[in-house]
Amino acid sequence: MIVISLGWGVQSFALAAMSALGELPPVDAVIHSDTLHERNGTYDFAKRWTPWLIEHGVNVVTVYNKNASPTNEWGGLYLPAFTSNGITDGQLRRQCTYAWKVAPMRKWLQAHRNGETVEQWLGISLDEARRAKPSDVKYIVNRWPLLEMKLTRAGCKAWLLSNGIEVPPKSSCTFCPYHNQAAWRDVKASPEDWAEAIAFDRAIRDKRPPFDLFVHPSRIPLEDIDLRTRQEMGQLELDWDDEIFESCPEGVCML
Ligand code: SF4
């Protein structure tokens, strides 16, 4: 059994499109683990391109964890939220990727693999090669076709465009604590995404007393953060603050 893990970002969608157009072999399923908190642009893109994949014979499956809400009693603690009690700062362990993306995908695979080993294709490109890790379960073998093709993210975009296919926006949860400043500005540009991110930031605040929880590393409520670029603030230096935060290190988020 061969499946593609589809995050609806550039790289994983390029994999699905390559399989659809015969550039890569057909697969048994292209599976999207929906966190239920993806950016609006991602849902719109998925709505436009799911029918295209299906028309090209691709079996598109969406799975999700119905308990994925960070606002419920324990859900907020799944986020790698930033903590502060006014004296000490820290960060919670990230459990959201497993709970919201990996677990629902594995549940589906277990129900459909008929005892077979699953070859899971992950859309990791050459510029993100450090994120490629072997599977931690025996029945799944990870494979990275973009690495085999030596394709970068830019190369994936070029391939999509040269085939007349739209390039998807970056995918992630609206409130992902791994966002860098540029990503937060991007979230803010969508009123719905921004409202959701603010709502979740507020909702998790008191979930781990005596610490307050925040989605932004400044440990300031999201709506109070100045997200202007340095240039917008009147400084002419390079916008280096966009590079200081790590992106999600797992191969299944932010693809
Ligand atoms: S995008 Fe961020 S918040 Fe969402 S599941 Fe991945 S790491 Fe967690």
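Counting starts at 1 for both ligands and their atoms, following the listed order. The analysis underlying the following values was restricted to heavy atoms, covering all of them including side chains, and did not include hydrogens, waters or symmetry mates. For clarity, every value in this text was computed on a predicted model and none was experimentally measured.
- Every atom of ligand 1 with a heavy atom of Arg94 under 4.0 Å away is listed here by number and element: 7 (S).
- For Asp226, the side-chain hydrogen bond (donor to acceptor under 3.5 Å, both in side chains) test picks out Arg228, with sequence neighbours left out.
- Taking the six-membered ring where the residue is Trp, Tyr78 and Trp100 present tilted rings, their angle falling between 30° and 60°.
- The ring of His32 has its center no closer than 6.0 angstrom to the ring center of Tyr64.
- Within 6.0 Å of OH on Tyr139 lie more than 12 heavy atoms contributed by other residues, nucleotides or ligands.
- In summary, the atoms of ligand 1 found under 4.0 Å from a heavy atom of Tyr178, numbered by their order in the structure, are 7 (S).
- Using a 4.0 Å cut-off to heavy atoms of Leu79, the atoms of ligand 1 that qualify are 3 (S).
- Under the rule for a ring pair (Phe, Tyr, Trp, His ring centres under 6.0 Å), Trp194 has no partner lying at least two apart in sequence or in another chain.
- At a cut-off of 2.8 Å, Cys173 is counted among the residues with an N, O or S atom near atom 4 (Fe) of ligand 1.
- Neither the backbone nor the side chain of His37 has a heavy atom within less than 4.0 Å of ligand 1.
- None of the N, O or S atoms belonging to Cys96 lies under 2.8 Å away from atom 2 (Fe) of ligand 1.
- Residue contacts with ligand 1 for Tyr78 are absent, since no atom lies close enough (heavy atoms, distance under 4.0 Å).
- Using bins of under 30°, 30° to 60° and over 60° for the plane-to-plane angle, the ring pair Trp49/Trp52 lands in the perpendicular bin.
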